Amino acid sequence: MASVGRTYVRAIDIRSFNYSLRRFSANFTDSGRVTLLGICEALRYDIWHKALSSMGDADSDNDSITSLQEYELDEGIPQVEDPFIQKFMAGRTQLIEQEKKQRHDRLFKANMTPLAKQAAKILSSIRKRELKEIWSGTTEADLYPGMAFSHARDRAERTDVYKCLARMPKGALLHAHMDAMVDMEWLVDQTLAEKGMCIVAPQGQIDVQKRIGVNGIKVLDQIQFKFVPEAILAKNAHKSMNIWKADRTNYTAGTPIPVREAQRTFPDDTTTFKKWLVSRCRIDPDEVCRGHEGVDAIWRKFQSTFMTVEQMLFYEPVFRRGMQKMLAELVDDGISYVDFRLAFLWEWHPTGSSKSLKGLEGHTKFFEVWSEEIEKFKKTEKGKSFKGCRMIWTIIRVFDNRMIAESMKECIAIKKKYPHLICGFDCVGQEDGGRTLQDLTPLLFWFRKKCAEAGVEIPFFFHAGECLGDGDSTDQNLFDAILLGTRRIGHGYSLYKHPLLIDMVKEKKILVESCPISNEVLRLNSTILGHSMPALLSRGVPVSLNNDDPYILGHSKNGLTTDFYQSFMGFENLGLEGLGTMAENSLKWAAIEDQKNAEWLKGISEGYMGKSTKAQMLKAWRTEFEKWCQWVVMKYPLEAGVENELEDEEDEEDEDDEDDEDDDEE
Ligand SMILES: [Zn+2]
């Protein structure tokens, strides 16, 4: 009898037991209760005895029992405080902690200073506050954390979390296409301001549909820009022409018209020349929204923007100014080093010359000018902390063998002339549109052989798995990228479907350059919440965050803050630990100097401990990171206070509960 009673009492919550007992003894007189106490004592029903003894105190609790609790107790539904439910919860917590040990950030987390831990706590607290205050559906309809970037952007930039992350030192930017990193409104202004800059079209642009596109994302007539010296312009027949008219008498195909003139005669009432031109250089939010049109449609618009941008950007004076602005923006965002990518197709337009330089001649000139501008920037106040940048030479994957082979030869020639500037090789363009890495394999082996003959080291940094397919030829680019010895994988969006490759990527120390906002705008996922990155982070794959094509994709500024922000807000598991790990990774995997494979791997393994440039950069980053953590702690003392107070209160409450229980069980 006694053991049955004890087992029963152990199995239920002491509070519900008290309640049941109160109901049972409601009709007892005081003398009856004393008798019952005696019986309990004799039978050694300790808990019953204790509960009866404290009956008077418990009366005050009586009011706190709701009708729902009463119902639950009558039905025998266990309470959260019940020991066996608590045991289940403890096991659950243990399982979550066990899984976290496999995450990418376990080492970073284990080595965080108290200051960094405090900053992480504050950021997490601000995040929770802003989830409620800013990203809750209760403040305004259809708002949620991690919502589509193009809708979230302006609101995000006004938040405290964004302002904090904007100042965070982010390490290196490893995946970014240079021609997508210039502020398009600025670029159009520069073009309008350059005397002699002309617009050239294959036909008069009268057709509004051809000029602005149907729904904004159909293929448009390719327009060009070029510089024409004033003396030539004076003799030009353009004066009698209007580029916005189709009639041959009004515009002869290929005639340069000064951009100012084109602006003056721009015919649309609904938009301006500048807005029209900017919209050709970037994907607008209303185009992002048309998700039902699919990946191919958005890629058509995306690829068309590069051609317009390059026409304006690679005019020498504009490029020189653009490079200073671009590097300054990146430094402002906490980036200390960049591995740029660029497809070398465009022609270089030297200052004040109507003759453009093609192929190797033009690209050599580009590297000469670029090198000068990097050094010039490093000498500025802002550039003092900048560690430099290099170039991953890219070819357009869809081109034929001759075009690709010629580009490969150019790459090697330029590597020999500017060894400090070329750091790798990649193939770009929509992966689903071909050619696959498998298809390109013979050429890639040939390139390897040519590099060896020339005595140069140009490692691969392939785009792979930037797709939705599972097991199709695009998805399989991941296999080829790894087999061909890629040092990093651009995007790797599809990698989460390949457990074997995930293991290989970890073993071979291949980093995934994740570009969450780019993937969202280019329709692999509708919001960051659907992105595959968490599947890689949870399995310990090294990842860095990247912006890919910021200004073409609709970022309002250069840098990584927006990708950091959306990831931080979208994924509860990430935290400052996760962001810090990815910033650290970006430096470990930066191609800042030429290294043979063994050296490269050693540098990654050694991290802070090595003697290489990378180790120095990591140490410098850590110092800046700690300074920033201090800034966060100083800037939001109240947030920390509130958080601590809340926690203290919670702890106290927990302790009170425990005390109660201890008392009860004594
Ligand atoms: Zn890319």
Side-chain angles (χ1 to χ4, degrees), residues 174-175 177-178 303 339-347 358-364 366-367 390-467 472-492 501 504-505 508-511 513 591 593-601:
L174 302 183
H175 189 122
H177 301 266
M178 183 189 275
Q303 300 202 124
D339 277 341
F340 283 103
R341 280 172 165 89
L342 190 55
F344 289 87
L345 286 175
W346 36 265
E347 294 172 8
K358 296 185 175 72
L360 183 60
E361 189 188 7
H363 300 147
T364 305
F366 161 86
F367 276 96
R390 302 183 87 197
M391 180 65 72
I392 297 173
W393 183 283
T394 71
I395 54 120
I396 306 281
R397 60 193 325 129
V398 79
F399 284 179
D400 68 20
N401 279 4
R402 181 195 298 270
M403 288 176 83
I404 292 176
E406 288 303 315
S407 183
M408 285 169 162
K409 278 167 33 184
E410 243 188 62
C411 168
I412 293 169
I414 290 188
K415 171 71 183 170
K416 290 183 83 166
K417 197 164 168 56
Y418 298 101
H420 62 295
L421 290 180
I422 297 281
C423 67
F425 185 88
D426 186 14
C427 313
V428 298
Q430 188 188 5
E431 273 185 77
D432 279 324
R435 302 164 67 187
T436 61
L437 286 177
Q438 183 192 25
D439 186 17
L440 295 168
T441 294
L443 271 172
L444 293 166
F445 273 102
W446 178 80
F447 177 66
R448 274 265 155 280
K449 183 170 148 261
K450 288 285 166 196
C451 285
E453 283 169 8
V456 294
E457 182 79 22
I458 310 178
F460 294 138
F461 294 93
F462 289 129
H463 275 71
E466 187 188 3
C467 63
D472 61 17
S473 60
T474 314
D475 182 41
Q476 286 183 355
N477 277 341
L478 286 166
F479 288 86
D480 298 293
I482 295 168
L483 287 171
L484 289 163
T486 197
R487 289 186 174 180
R488 306 194 300 246
I489 293 175
H491 297 279
L501 296 188
M504 287 177 77
V505 159
K508 290 175 177 291
K509 298 197 189 331
I510 298 170
L511 172 118
E513 303 160 351
E593 55 193 352
D594 285 349
Q595 290 176 312
K596 299 262 183 221
N597 216 32
E599 237 184 312
W600 168 262
L601 293 173

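Since the structure is predicted, the reported quantities are computational estimates derived from the model, not experimental observations.
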(Q) Between T441 and L483, is the side chain to side chain contact (heavy atoms under 4.5 Å, CB included) condition met? List the steps. (A) CA-CA 10 Å; T441 294; L483 287 171; over 6 Å; no
(Q) Measuring centre to centre across the rings, with the benzene-like ring taken for any Trp, is Y418 within less than 6.0 Å of F366? (A) no
Q: Report the distance from atom CD1 of I404 to atom CH2 of W446, rounding to the nearest 0.5 Å.
A: 11.0 Å
Q) Can you check whether I396 reaches V428 side chain to side chain, under 4.5 Å on heavy atoms? A) yes
Q. Is L444 close to F460 at the side-chain level, that is, under 4.5 Å between some pair of heavy atoms?
A. yes
Q. So, for I482 and I489, which heavy atoms are closest and what is the spacing to 0.1 Å?
A. CG1-CD1, 4.2 Å
Q: First locate atom SG of C427, then atom CZ of F399, and finally report the distance between them rounded to the nearest 0.5 Å.
A: 12.0 Å
(Q) If I compare all heavy atoms of A591 with all of D339, which pair ends up nearest, and what's the gap? (A) N-OD2, 3.0 Å
Q: Supply the atom-to-atom distance L437 CG to L484 CG, rounded to the nearest 0.5 angstrom.
A: 6.5 Å
Q: Show your reasoning for whether side chain to side chain contact (heavy atoms under 4.5 Å, CB included) applies to M391 and L342.
A: CA-CA 7 Å; M391 180 65 72; L342 190 55; 3.6 Å; yes
Q: Look up atom OG1 in T394 and atom CZ in F344, then write down how far apart they are to the nearest 0.5 Å.
A: 7.0 Å
(Q) Is it the case that over 12 heavy atoms from other parts of the model lie below 6.0 angstrom from the CD atom of Q438? (A) no
**Q.** Minimal non-hydrogen separation, G429 against Q303, with atom names
**A.** CA-OE1, 3.6 Å
Q: Report the distance from atom CG of D432 to atom CD of E466, rounding to the nearest 0.5 Å.
A: 9.0 Å
Q. Between atom CG of N401 and atom CG of D439, what is the distance when rounded to the nearest 0.5 Å?
A. 7.5 Å
**Q.** Heavy-atom closest contact (A481 atom, A464 atom, distance)
**A.** CB-CB, 3.9 Å
Q) E457 pairs by salt bridge (Lys or Arg N to Asp or Glu O under 4.0 Å) with which of R448, K416, R487? A) R487
Q | Heavy-atom side-chain proximity of T474 to Q430 below 4.5 angstrom | A | no
Q: On the 0 to 90° scale, with breaks at 30° and 60°, tag the H175-H177 ring pair as parallel, tilted or perpendicular.
A: perpendicular
Q: Find out whether L440 and R397 are in side-chain contact, i.e. whether some heavy atom of one side chain is under 4.5 Å from a heavy atom of the other.
A: yes
Q. Side chains of I392 and R488: closer than 4.5 Å at any heavy-atom pair?
A. yes
Could you give the side-chain donor-acceptor pairs of residues 407-415 under 3.5 Å, partners two or more places apart or in another chain?
unit_1 : atom_1 : unit_2 : atom_2 : d
S407   : OG     : W393   : NE1    : 3.0
K409   : NZ     : E406   : OE2    : 3.2
E410   : OE1    : H363   : ND1    : 2.6
E410   : OE2    : L360   : N      : 3.3
K415   : NZ     : P419   : O      : 2.8
K415   : NZ     : I422   : O      : 2.7
K415   : NZ     : D594   : OD1    : 3.2
K415   : NZ     : D594   : OD2    : 2.7

Q) Less than 4.5 Å apart, any side-chain heavy atom of H463 and any of R341? A) yes
